[in-house]
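Structure, as structure tokens:
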Amino acid sequence: SASLQGPSVAFGSTLTAQGSIAISADEIDFAGTVASTGGGNLLLQPISPGLGINLGSAAGATSNLDLTAGELGLISAGFGGVTIGQAGGSHLVTIGAAGFDNPLLVRTGTGGGAVVVNGAFTNANGKTMTLQSSGSITDPGGAGLLSTTGLLDLRAGAGVGTIAKPLHANAGLLAVD
């Protein structure tokens, strides 16, 4: 297992751990494959509990923790689960076009926040995708799509989508709480 923390964490090559990997930083950059040889979990979270999180954004697009589609694509299959966001945070999570091949939990934290889906966000090979928000999960532009052949689990304290702008999803199984 490996645990890394700092204001900014950057990897210039492959990151492999036997077991779990936890990275806590307000900026995380990957330039090589991220893998676990023991099927451990991967935790990616900002240090600042209120910092926004952009998934599938352009590199350096904001002052938020941004993980580009290319960086997310470097996360190898084989993790027991990938978690993005602090449990006690209050993150605004903005999701653009990106893909995963691991069980995935994206969370805003218990302190507030919301999830905004702006692009096609997919999880391959029947893996579970969970979006957990103490606020809402929305698709304000109407261009977002959540897709998995496994379970899509949407947990939102303030609702999922709106009548005018519903959230679009393709899933093998769907749970909304």
Side-chain angles (χ1 to χ4, degrees), residues 1-12 15 17 20-34 36 40-75 79-100 102-123 128-141 143-146 152-161 167 177:
S1 294
S3 181
L4 303 160
Q5 182 173 329
S8 178
V9 176
F11 299 93
L15 170 64
S20 296
I21 302 171
I23 304 171
S24 300
D26 287 345
E27 183 56 44
I28 301 170
D29 294 311
F30 298 121
T33 302
V34 181
S36 170
N41 295 313
L42 175 62
L43 171 63
L44 303 173
Q45 64 182 3
I47 292 174
S48 302
L51 191 69
I53 300 171
N54 292 346
L55 303 176
S57 63
T62 68
S63 60
N64 296 332
L65 170 58
D66 60 306
L67 296 164
T68 67
E71 288 172 320
L72 295 172
L74 292 171
I75 299 171
F79 281 98
V82 174
T83 300
I84 299 173
Q86 280 189 17
S90 58
H91 310 295
L92 170 61
V93 179
T94 304
I95 296 176
F100 279 87
N102 286 287
L104 175 66
L105 167 61
V106 176
R107 61 188 179 193
T108 65
T110 57
V115 176
V116 177
V117 181
N118 289 328
F121 198 61
T122 62
N123 206 353
T128 298
M129 178 191 303
T130 302
L131 302 183
Q132 186 176 35
S133 174
S134 53
S136 60
I137 300 173
T138 60
D139 177 8
L145 173 65
L146 300 172
L152 176 59
D153 188 0
L154 304 175
R155 302 176 190 180
V160 175
L167 186 68
D177 186 13

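Atoms CD and CD1, on E71 and I28 in that order, are 9.0 Å from each other to the nearest 0.5 Å. One finds the CG atom of L167 at 6.0 Å from the CG atom of D139 (value rounded to the nearest 0.5 Å).
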Step-by-step side-chain contact (heavy atoms from CB on, under 4.5 Å) determination, N64 to I53 = CA-CA 5 Å; N64 296 332; I53 300 171; 6.0 Å; no
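With sequence neighbours excluded, no residue forms a side chain to side chain donor-acceptor pair (under 3.5 Å) with D29. Annotation: side chain to side chain donor-acceptor pair (under 3.5 Å) contacts of S48 (sequence neighbours excluded): D26. In this structure T108 satisfies the side chain to side chain contact (heavy atoms under 4.5 Å, CB included) test together with V93, V115, S133, S134, sequence neighbours excluded. Under the side chain to side chain donor-acceptor pair (under 3.5 Å) criterion, T130 pairs with no residue at all, not counting sequence neighbours. Residues meeting the side chain to side chain donor-acceptor pair (under 3.5 Å) test with Q132, sequence neighbours left out: none. Scored by the side chain to side chain contact (heavy atoms under 4.5 Å, CB included) test, N123 finds F100, L104, K127, M129, T148 as partners (sequence neighbours excluded).
Residues F79 and V34 come closest through the heavy atom pair CE1-O, 3.6 Å. Among all heavy-atom pairs drawn from G80 and P103, the shortest one is O-CG, 3.4 Å. Annotation for V116 and L92: closest pair CG2-CD1, 3.9 Å, computed over non-hydrogen atoms. Summarising the geometry of A97 relative to A69, their closest heavy-atom pair is O-CB, 3.3 Å, with the distance given to 0.1 Å. Considering every non-hydrogen atom in both H91 and Q86, the closest pair reads NE2-N, 3.1 Å. Looking at every heavy atom in both residues, L72 comes nearest to G56 through CD1-N, 3.8 Å.
Side chains of L146 and L154 form a contact here, defined as non-hydrogen atoms less than 4.5 Å apart. In this structure, S20 and L43 have side chains that are not in contact, with every pair of non-hydrogen atoms separated by 4.5 Å or more. Residues P140 and N118 form a side-chain contact, since some pair of their non-hydrogen atoms from C-beta on lies under 4.5 Å apart. Using a 4.5 Å heavy-atom cutoff, the side chains of V106 and L131 are in contact. A 4.5 Å side-chain heavy-atom check between L42 and N102 finds every atom pair outside the cut-off.
When the options L15, L67, I21, L44 are evaluated for a side chain to side chain contact (heavy atoms under 4.5 Å, CB included) with I75, the one that passes is L44.
Formation of a donor-acceptor pair under 3.5 Å by the D177 side chain with backbone atoms of R155 is not found in this model.
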Show every donor-acceptor pair shorter than 3.5 Å between a side-chain atom in residues 3-12 and any protein atom, with sequence neighbours excluded, or say none if there are none.
none

